[in-house]
Amino acid sequence: MSTKTYVSDLLNRLPESATLAMARMSRELKEDGNDVISLSLGEPDFNAPDFVKEACKKAVDDDYSHYPPVNGYGELREAICCKFLRDNDLVYTPDQIVVSTGAKQTISNVVYALVNPGDEVLLPAPFWVSYAAMVQLAGGVPVIIPTQIENDFKITAEELRSNISDKTKLMIYSSPCNPSGSVYSKDELTALAEVIKSKPDFFVVSDEIYEHINYTGEHASLGTIPGIFDQVITVNGVSKAFAMTGYRIGYLGAPTWIAKACSKMQGQVTSAPSGVSQMAAKAAVLAEPSSVFYMKNAFLKRRDMMLEKLGEIPGLKLNVPEGAFYIFPNCMELLGTLTDDGQEINTSSDLCMYLLKEENVALVAGDAFGAAECFRLSYAASDEMLVDAAARMKRAFGKLKKQN
Ligand code: PMP
Ligand code: GLU
């Protein structure tokens, strides 16, 4: 049989999602009988809360089995408006809300709604893997703004200003950040807002999906900074805070014309997300955030434990992530080394592949996030797995020898 394929050039140019690729690889190794610890996928290791499950079951019984309106059921969009007001001081009306199949689709809709071929999209690095791929699919040009671990991987207003050109259309960032765990304070966002304000045809996706996994006690929404509400698209979802990754519900609040454009896009590609998932998401967004703080508290304990364990591994530089469930160590000192059998470790991808083969621990290399000198570790896993993974990392990294 012929092995020739006819995949489009566009798809051939598109990289596989690095997070999903690493998750797939570790699943395959596990299926082959290997004792794999996967810290690669950004997914809570909790199940959805009981009240969410009940709402979903009720939706089945109540026959939420028909096509919902493309932008989501009105009752869910109203609930989302209440959530934005309660948690974020953001005043949106239901026609400014679009519900999608995960925040991934939400962001993809925005990119297609706003970006013309050749438009520049600013991505402070490290950024979540799919941002760059989405921009490329739409024909946009990702402009990567590098950051340093010493500055907690955050950009300054000056760095933002110096990367804006006539072609700049959009910026996409997350706070708390995947993959760095960094959190922008209100003051930091206010400084960025001054720059954003200076270019009224420049828009910003504020991806707040890790809002409720924030250890600082204060979440700031960019859209609340005076003067830029009409330039901000606030993205959120239920995957992370409510451990509902498989329900596939994300949403945005945006100026009505952007919401309409996103809805038009969605109407041609997927239509509305699953009706029963929407009703489960309604229960989640209406619940008091404190009802899921037990997960945040567990993540915080694990963060502290992992920072201690990773701190004992020579060659890793760490900062203290203030949110999400990731640690993003700088591993520069471990590059330019040789393994026992003479294999060169020159990139964080080499390092991650070596760790996977040597000790069956799956991480994600930093290059996919626009920071090749780092890697991402998700600590949304059990204490036992985390302790074991840290010991394996220490053993594997300890064997690397500097090249002469
Ligand atoms: N934004 C960020 C920063 C994420 O980490 C993720 C997924 N991990 C998403 C968006 C998409 O989430 P979902 O599609 O599950 O809602
Ligand atoms: N977003 C999560 C992550 O960063 C899940 C995987 C994905 O959707 O890319 O790992």
Side-chain angles (χ1 to χ4, degrees), residues 88-90 107 110-111 113-136 138-208 210 216 218-235 252-255 257-258 319 321-323 328 330 366 369-374:
N88 311 106
D89 275 335
L90 287 167
I107 300 164
V110 176
V111 170
L114 293 181
V115 174
N116 284 315
D119 281 352
E120 293 179 355
V121 180
L122 305 184
L123 301 178
F127 49 80
W128 179 45
V129 280
S130 295
Y131 295 164
M134 288 172 186
V135 171
Q136 279 160 351
V141 181
V143 174
I144 291 164
I145 311 180
T147 61
Q148 309 302 323
I149 194 167
E150 290 75 15
N151 194 27
D152 284 327
F153 299 107
K154 291 190 261 190
I155 56 162
T156 61
E158 209 27 67
E159 284 164 337
L160 174 58
R161 192 187 314 278
S162 63
N163 279 279
I164 290 182
S165 78
D166 288 351
K167 294 195 176 139
T168 308
K169 184 70 175 281
L170 189 65
M171 175 164 86
I172 314 177
Y173 80 101
S174 59
S175 175
C177 174
N178 177 1
S180 68
S182 300
V183 172
Y184 281 89
S185 68
K186 186 132 198 168
D187 285 350
E188 287 162 342
L189 292 181
T190 304
L192 297 181
E194 280 307 308
V195 182
I196 296 165
K197 226 184 269 181
S198 68
K199 187 170 163 56
D201 58 351
F202 170 43
F203 301 90
V204 182
V205 170
S206 172
D207 180 349
E208 304 181 14
Y210 294 94
T216 69
E218 204 181 328
H219 172 77
S221 288
L222 183 69
T224 59
I225 314 286
I228 58 164
F229 184 69
D230 289 341
Q231 291 173 260
V232 177
I233 299 101
T234 310
V235 171
L252 59 70
W257 65 271
I258 295 180
N319 70 330
E322 294 183 313
F328 200 61
N330 177 306
F369 303 99
E373 68 289 2
C374 299

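Source: prediction; values computed, not measured.
A 6.0 Å sphere centred on CG of D89 holds no more than 12 heavy atoms belonging to other residues, nucleotides or ligands. More than 12 heavy-atom neighbours from other residues, nucleotides or ligands sit within 6.0 angstrom of NZ on K197. Around CD of E150, the count of heavy atoms belonging to other residues, nucleotides or ligands within 6.0 Å exceeds 12.
Remark: side-chain polar atoms of E159 are paired, donor with acceptor, to backbone N or O of T156 under 3.5 angstrom. A donor-acceptor distance shorter than 3.5 angstrom exists from the side chain of D119 to the backbone of N116, with no hydrogens or angles considered. A donor-acceptor pair under 3.5 Å is formed between the side chain of Q231 and the backbone N or O of F202. Of the possible donor and acceptor atoms, none in the side chain of S221 sits under 3.5 Å from a partner among the backbone N and O of G223.
Counting only heavy atoms from C-beta outward, the side chains of V205 and Y131 never approach each other to under 4.5 Å. Side-chain contact between V111 and I172 is present, with at least one heavy-atom pair separated by less than 4.5 Å. Between V115 and V121, some side-chain heavy-atom pair lies under the 4.5 Å cut-off. In this structure, the side chains of N88 and E208 come closer than 4.5 Å at one or more pairs of heavy atoms. Between F127 and P142, every side-chain heavy-atom pair lies at or beyond the 4.5 Å cut-off. For the pair I155/M171, a side-chain contact is recorded, criterion being any heavy-atom separation below 4.5 Å from C-beta on. The closest side-chain heavy-atom distance from T224 to L90 is below 4.5 Å.
In this structure, V183 and E218 approach most closely via the heavy-atom pair CG1-O, 4.4 Å. Here the closest non-hydrogen pair linking S165 and E120 is OG-OE1, 2.8 Å. Contact between A125 and G370 at its shortest, heavy atoms only, is CB-O, 3.4 Å. The heavy-atom pair separating I225 from A193 by the smallest distance is CG2-CB, 3.5 Å. T147 and P126 get closest at one heavy-atom pair: OG1-CD, 3.6 Å.
Residues passing the ring-ring contact (aromatic ring centres under 6.0 Å, His included) test with F229, sequence neighbours excluded: Y92.
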Quiz: residues 173-181 side-chain donor-acceptor pairs under 3.5 angstrom, not counting sequence neighbours:
residue : atom : partner : partner atom : Å
Y173    : OH   : S206    : OG           : 3.2
S174    : OG   : N178    : N            : 3.2
S175    : OG   : Y184    : N            : 2.9
N178    : OD1  : R376    : NH1          : 2.7
N178    : ND2  : Y210    : OH           : 3.4
N178    : ND2  : Y326    : OH           : 3.4
S180    : OG   : S182    : N            : 3.2
S180    : OG   : S182    : OG           : 3.0

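Between atom OG1 of residue T168 and atom CG of residue L122 there is a gap of 5.0 Å, rounded to the nearest 0.5 Å. Here CD of E322 is found 5.5 Å from NZ of K154. Values are rounded to the nearest 0.5 Å. Going from atom CD1 of I196 over to atom CG of L222 covers 4.5 Å, rounded to the nearest 0.5 Å. Residue D207 holds its CG atom at 11.5 Å from CD1 of I233, rounded to the nearest 0.5 Å. Note that the CD1 atom of I228 and the CG atom of L189 stand 8.0 Å from one another [nearest 0.5 Å]. Note that the NZ atom of K199 and the CG atom of D166 stand 6.0 Å from one another [nearest 0.5 Å].
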Test side chain to side chain contact (heavy atoms under 4.5 Å, CB included) applied to L192 and V204, step by step:
CA-CA 11 Å; L192 297 181; V204 182; over 6 Å; no

